Novice: 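Let me begin by handing over the structure; questions about it come next.
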Amino acid sequence: MLNNELLEGLENMSFTYMSPVQQKVLTELPSVTKDCLVQAKTGTGKTIAFLLPAIQNLLNGNRPPRGQVAILVICPTRELATQIAKEAEGVTARLSRPMQCHTAYGGTGRASALQKFLNGDPTILVATPGRLNDYLGEEAVRDKFTDIKTVVLDEADRMLDEGFGPDVKRILNAIPPKSTGWQGMCFSATLPEKVKSVVKGVLLPDYTHLSTMDGNETPTIAKVPQYVVSVPSIEDTFRALYALLVVELSQDPKGFKTIVFGQSANGVGLLHDMFERALPSLPKFELHSRMNQNQRTRTTEAFKTTQTGLMFASDVVGRGMDFPNVGLVVQLGMPANADQYIHRVGRTARAGKDGRAVIILYENEQFFIKVNKALPINPYPMDIAAQLPKYQKDTDALLNGTDEKQRFKAYQGWLGFNKPFMNKMRVDPEGLVKLANQYASAMQLPEPPELEKKVIGKMGLKGVRGNDASGTSWSLPLLDAEPV
Ligand SMILES: Nc1ncnc2c1ncn2[C@@H]1O[C@H](COP(=O)(O)OP(=O)(O)OP(=O)(O)O)[C@@H](O)[C@H]1O
């Protein structure tokens with residue numbers, strides 16, 4: 001069924017067999033043009049699984065005229081768009097009539113990128129919703145979609161949630177209607193039931209539903225041991241992370257490649273600054289939305305190719321990103337939800353490799369384990385809490401060595417992330433600020449940062465004692481919640 005030149009492309013990528021999801025799509029999809037909703041575990045090759053049928057359809061004689069977009073892939077982040085485009089280039093590398101793959105995402109010069117798109121032959125376009133919407137405001141861009149054959153939503157549950165959903169809807173309104181016959185494909189490792197009620201703009205009601213998972217199985221890779229390190233208070237968390245990294249590094253000093261996820265961009269920035277002077281054998285990386293696109297691109301490439309290293313990251317790389325050979329994923333603090341937990345854990349044990357995952361939670365966050373009993377998380381085999389006193393002095397010194405302004409920003413990021421979880425954490429606004437202030441103390445700030453009155457109002461923390469002292473206010477950016 002697959003064109004020989006496509007198979008040659010796969011061989012050229014050193015793929016010698018189809019992964020289960022690829023096998024399933026190629027054998028169980030009634031035709032290469034059928035709408036489908038596909039679920040398979042993280043890191044099992046979903047990208048190739050949606051590219052192959054979509055490209056094969058074009059090779060079956062359905063390739064639109066030069067200059068037209070035939071396959072549109074929509075995904076949540078710039079890094080992921082680049083990664084998907086690279087896979088598409090790999091698969092199509094051996095085609096006798098080459099196929100161009102373009103990307104469209106924010107953070108790069110709009111005018112030159114748009115010109116390149118308009119002048120080029122973007123048979124495949126991989127885009128993030130914001131920039132694509134922006135492009136679609138131009139008639140010349142809309143004209144390039146008149147012959148569209150396939151629309152793929154990668155990380156479909158994310159693309160259809162409250163955050164991205166409206167943008168995706170606008171895109172669907174700007175391209176030819178579904179009734180013109182284009183194929184819709186929705187892929188993700190996590191497909192909550194509610195997604196099925198919102199896929200109708202992309203999939204016809206008789207779409208094919210494929211899954212490589214049994215019944216209620218969780219989408220985490222079965223062979224990844226998952227552990228929780230429980231510590232009593234938020235003040236213990238930095239020490240616990242340090243102790244954990246030392247223990248884990250000692251077990252695998254040569255191939256140690258680890259991602260540590262934090263809760264907010266500025267919190268992640270602080271962790272990076274803190275550990276820059278620790279664990280000298282390891283190169284350190286940081287990746288979050290407070291960096292410019294050049295820095296993000298450079299770091300992504302560097303961490304993809306490094307043999308060892310420690311990356312502090314926010315959820316900008318929580319989904320979809322493929323950093324080969326990551327052996328350990330650490331989550332410092334609870335993630336926003338169970339699905340996000342699953343995607344973060346999925347950054348390890350990809351393409352059949354091994355991996356481990358550890359989450360560090362203090363008391364107010366431990367509800368996360370209780371309400372997500374289906375997640376296969378066990379207590380960490382070593383008593384990290386017992387080691388905390390040993391790490392106190394060094395941790396305090398590392399934090400003291402960071403820029404105080406970065407710690408202030410981390411404080412605000414902490415409030416922004418945690419505020420929606422007050423009920424679950426069993427605290428009222430005053431209790432939340434109390435925890436934030438303990439976090440400030442853990443960061444070695446002599447006293448909690450004073451937030452501008454406007455920030456406090458925006459966060460709904462007005463009148464809460466503990467952070468609205470008069471006097472100099474630090475000029476912090478006004479944000480409802482810290483972006484990742
Ligand atoms: N048939 C194959 N043989 C070997 N490696 C493969 C094969 N298919 C894909 N891969 C590689 O496996 C890795 C994971 O693939 P991919 O990123 O598509 O996973 P995914 O299922 O989309 O994961 P996520 O749910 O995290 O987005 C990539 O490095 C990819 O190149």
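Starting from 1, each residue takes its place in the sequence as its number. Atoms within each ligand, like the ligands themselves, are counted from 1 in listed order. Remember, it's a predicted structure, so these values are computed and weren't measured experimentally.
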Novice: Kindly confirm or rule out an N or O of Thr42 lying under 3.5 angstrom from an N or O of ligand 1.
Specialist: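 No; every N/O pair is 3.5 Å or more apart.
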Novice: Counting only heavy atoms not in Lys304 (residues, nucleotides, ligands), do more than 12 fall under 6.0 Å from its NZ?
Specialist: yes
Novice: With only distance considered, is Gly45 within less than 3.5 Å of ligand 1 through an N or O on each side?
Specialist: yes
Novice: For the residue pair Tyr341 and Phe368, categorise the inter-ring angle as parallel (less than 30°), tilted (30 to 60°) or perpendicular (more than 60°).
Specialist: tilted
Novice: Can we say Glu248 and Arg356 salt-bridge, meaning some charged N sits less than 4.0 Å from an Asp/Glu carboxylate O?
Specialist: yes
Novice: Any idea which protein heavy atom is nearest atom 25 (O) of ligand 1, and the distance to it?
Specialist: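 Protein heavy atom with the smallest distance to atom 25 (O) of ligand 1: Lys46 NZ, 2.6 Å.
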Novice: State whether a side-chain donor-acceptor pair under 3.5 Å links Asp315 with Gln340.
Specialist: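 The criterion, which ignores hydrogens and geometry beyond distance, is satisfied for Gln340 and Asp315.
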Novice: Among Arg319, Lys194, Gln39, exactly one meets side-chain hydrogen bond (donor to acceptor under 3.5 Å, both in side chains) together with Asp157. Which residue is that?
Specialist: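 It is Arg319; the other options fail the test.
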Novice: Contact between ligand 1 and Lys41 is defined here as a heavy atom of the residue under 4.0 Å from a ligand atom; is it met?
Specialist: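 Heavy atoms of Lys41 do come under 4.0 Å of ligand 1.
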Novice: Report yes or no: does a heavy atom of Glu155 sit under 4.0 Å from some atom of ligand 1?
Specialist: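 Distance cut 4.0 Å: Glu155 passes for ligand 1.
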Novice: Looking only at protein heavy atoms, which one is nearest to atom 18 (O) of ligand 1, and how far off is it?
Specialist: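 Checked against all protein heavy atoms, atom 18 (O) of ligand 1 sits closest to Thr47 OG1, 2.6 Å.
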Novice: Checking His343 against Thr42: is there a side-chain donor and acceptor pair closer than 3.5 Å?
Specialist: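 Absent: no donor and acceptor within the cut-off.
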Novice: Suppose we measure from atom 31 (O) of ligand 1 to each protein heavy atom; which comes out shortest, and what is that distance?
Specialist: Glu87 OE2, 2.9 Å
Novice: Can you tell me which residue and heavy atom of the protein come closest to atom 12 (O) of ligand 1, and the distance to 0.1 Å?
Specialist: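 Residue, atom and distance for the closest contact: Ala351 CB, 3.4 Å.
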Novice: Would you call Met13 a ligand 1 contact, heavy-atom distance under 4.0 Å?
Specialist: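 In this structure, Met13 fails to qualify as a contact of ligand 1 - no heavy atom is under 4.0 Å.
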Novice: Heavy-atom contact under 4.0 Å between Ser19 and ligand 1?
Specialist: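 Ser19: in contact with ligand 1 (<4.0 Å).
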Novice: For the residue pair Gln68 / Thr146, report whether a side-chain donor-acceptor contact shorter than 3.5 Å exists.
Specialist: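 The criterion, which ignores hydrogens and geometry beyond distance, is satisfied for Gln68 and Thr146.
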Novice: Considering distance alone, does some N or O of His343 sit under 3.5 Å from an N or O of ligand 1?
Specialist: no
Novice: Can you tell me how far apart CG (Leu7) and CG (Asn3) are? Round to the nearest 0.5 Å.
Specialist: 7.5 Å
Novice: Please state which protein non-hydrogen atom is closest to atom 13 (C) of ligand 1 and give its distance, to 0.1 Å?
Specialist: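 Of every protein heavy atom, Asp322 OD1, 3.4 Å lies nearest to atom 13 (C) of ligand 1.
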Novice: Hydrogens and angles aside, do Glu8 and Asn4 bring a side-chain donor and acceptor to less than 3.5 Å of each other?
Specialist: no
Novice: Looking just at side-chain N and O atoms, do Thr33 and Asn57 make a donor-acceptor pair shorter than 3.5 Å?
Specialist: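 Short answer, no.
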Novice: Is there a donor in the side chain of Thr27 and an acceptor in the side chain of Gln23, or the other way round, less than 3.5 Å apart?
Specialist: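 No donor-acceptor contact under 3.5 Å links the two side chains.
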Novice: Check whether Lys223 reaches the backbone of Lys353 with its side chain - one donor and one acceptor, N or O, closer than 3.5 Å.
Specialist: yes
Novice: Between the candidates Phe50, Phe323, Phe15, which shows the shortest non-hydrogen contact distance to atom 2 (C) of ligand 1?
Specialist: Phe15
Novice: Does ligand 1 have an atom that lies less than 4.0 angstrom from a heavy atom of Arg319?
Specialist: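 Judged by the 4.0 Å heavy-atom criterion, Arg319 does not count as contacting ligand 1.
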Novice: List every atom of ligand 1 that sits less than 4.0 Å from any heavy atom of Arg347, numbering the atoms from 1 in the order shown and giving each element.
Specialist: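 Answer, ordered by atom number: 26 (O).
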Novice: Show me which atoms of ligand 1 lie under 4.0 Å from any heavy atom of Thr44.
Specialist: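 What qualifies from ligand 1 is 19 (O), 20 (P), 21 (O).
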Novice: Here's one to test your reading of the geometry: is the NZ or CZ of Lys257 within 45 degrees of the ring axis of Phe303 and under 6.0 Å from its centre?
Specialist: yes
Novice: Strictly under 4.0 Å, does any heavy atom of Ala40 approach an atom of ligand 1?
Specialist: no
Novice: Would you say ligand 1 has an N or O under 3.5 Å from any N or O of Gln22?
Specialist: yes
Novice: Is it the side chain, the backbone, both or neither of Phe187 that has a heavy atom closer than 4.0 Å to ligand 1?
Specialist: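 Answer for Phe187: neither.
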Novice: Decide whether an N or O pair under 3.5 Å exists between Gly43 and ligand 1.
Specialist: yes
Novice: Got the closest protein heavy atom to atom 1 (N) of ligand 1, with its distance?
Specialist: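 Checked against all protein heavy atoms, atom 1 (N) of ligand 1 sits closest to Tyr17 O, 2.7 Å.
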Novice: Ligand 1 versus Arg350, non-hydrogen atoms closer than 4.0 Å: side chain, backbone, both, neither?
Specialist: side chain
